Amino acid sequence: MASEPIAAGTEAVAEQVFVALADPTRRAILGALASGGPATATDLASTLPISRQAIAKHLALLAETGLVTAEPGERRRVRYRLRSAPMQVAQQFLAALARDWDGPLDALRAHLDR
């Protein structure tokens with residue numbers, strides 16, 4: 001029994017998330033934000049082995065994807081905070097794919113067990 005098709009919007013968001021997560025520097029930035037909370041590009045540059053300018057470029061892509069949000073701070077410093085919504089959409093996309101595979105894989109397992 002086939003499950004419902006994946007919505008085009010869901011697939012597009014999931015694709016953006018996967019592209020963003022494909023880069024190890026962006027994963028490190030997200031990990032730093034997850035463990036340390038909101039931070040500026042300068043804060044992140046002090047803990048990661050890349051320049052503030054490079055971090056700012058990665059943060060711009062992460063913000064475009066919706067994985068982080070920029071919040072104005074004191075003295076015109078922008079702090080970045082994680083957003084979980086795009087990651088949840090990507091998880092739903094993967095869950096839908098897994099459902100599509102569960103039936104055929106169970107049938108194959110049953111066949112091989114015979």
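Residue numbers run from 1 in the order of the sequence given. These numbers come from a predicted model, not from an experiment.
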Donor on one side chain, acceptor on other, R79 and T40, under 3.5 Å: no
R81 side chain to T69 backbone, donor-acceptor under 3.5 Å: no
Check: R83 side chain, V68 main-chain N or O, donor-acceptor pair, under 3.5 Å: no
Heavy-atom closest pair, residues A90 and A14: CA-CB, 4.0 Å
Non-hydrogen atoms of A45 and S51 that approach each other most closely: CB-C, 4.2 Å
[atom1]/[X] to [atom2]/[Y] distance, rounded to the nearest 0.5 angstrom?
{"X": "T65", "Y": "E15", "atom1": "OG1", "atom2": "CD", "answer": "10.5 Å"}
{"X": "L62", "Y": "L67", "atom1": "CG", "atom2": "CG", "answer": "6.0 Å"}
{"X": "H58", "Y": "L30", "atom1": "NE2", "atom2": "CG", "answer": "11.0 Å"}
{"X": "T25", "Y": "I29", "atom1": "OG1", "atom2": "CD1", "answer": "6.5 Å"}

Side chain to side chain contact (heavy atoms under 4.5 Å, CB included) assessment of M87 paired with V17: CA-CA 7 Å; M87 194 69 74; V17 169; 4.0 Å; yes
Pairing residues for A70 by the side chain to side chain contact (heavy atoms under 4.5 Å, CB included) criterion, not counting sequence neighbours: V78, Y80
Test side chain to side chain contact (heavy atoms under 4.5 Å, CB included) applied to S84 - qualifying residues, sequence neighbours left out: Q88
Co-members of V19 in a cluster of I, L, V, M, F, W and Y side chains, linked at under 4.5 Å: none
Whichever hydrophobic residues join L61 through chains of side-chain contacts under 4.5 Å: none
4.5 Å side-chain heavy-atom contact, T42 and R77: yes
Any L44 side-chain heavy atom under 4.5 Å of L59 side chain: yes
Show me the donor-acceptor pairs, under 3.5 Å and distance only, between side chains in residues 31-39 and residues at least two apart or in other chains.
unit_1	atom_1	unit_2	atom_2	d
S35	OG	G31	O	3.2
S35	OG	A32	O	3.3

With R52 via salt bridge (Lys or Arg N to Asp or Glu O under 4.0 Å) - residues at least two apart: none
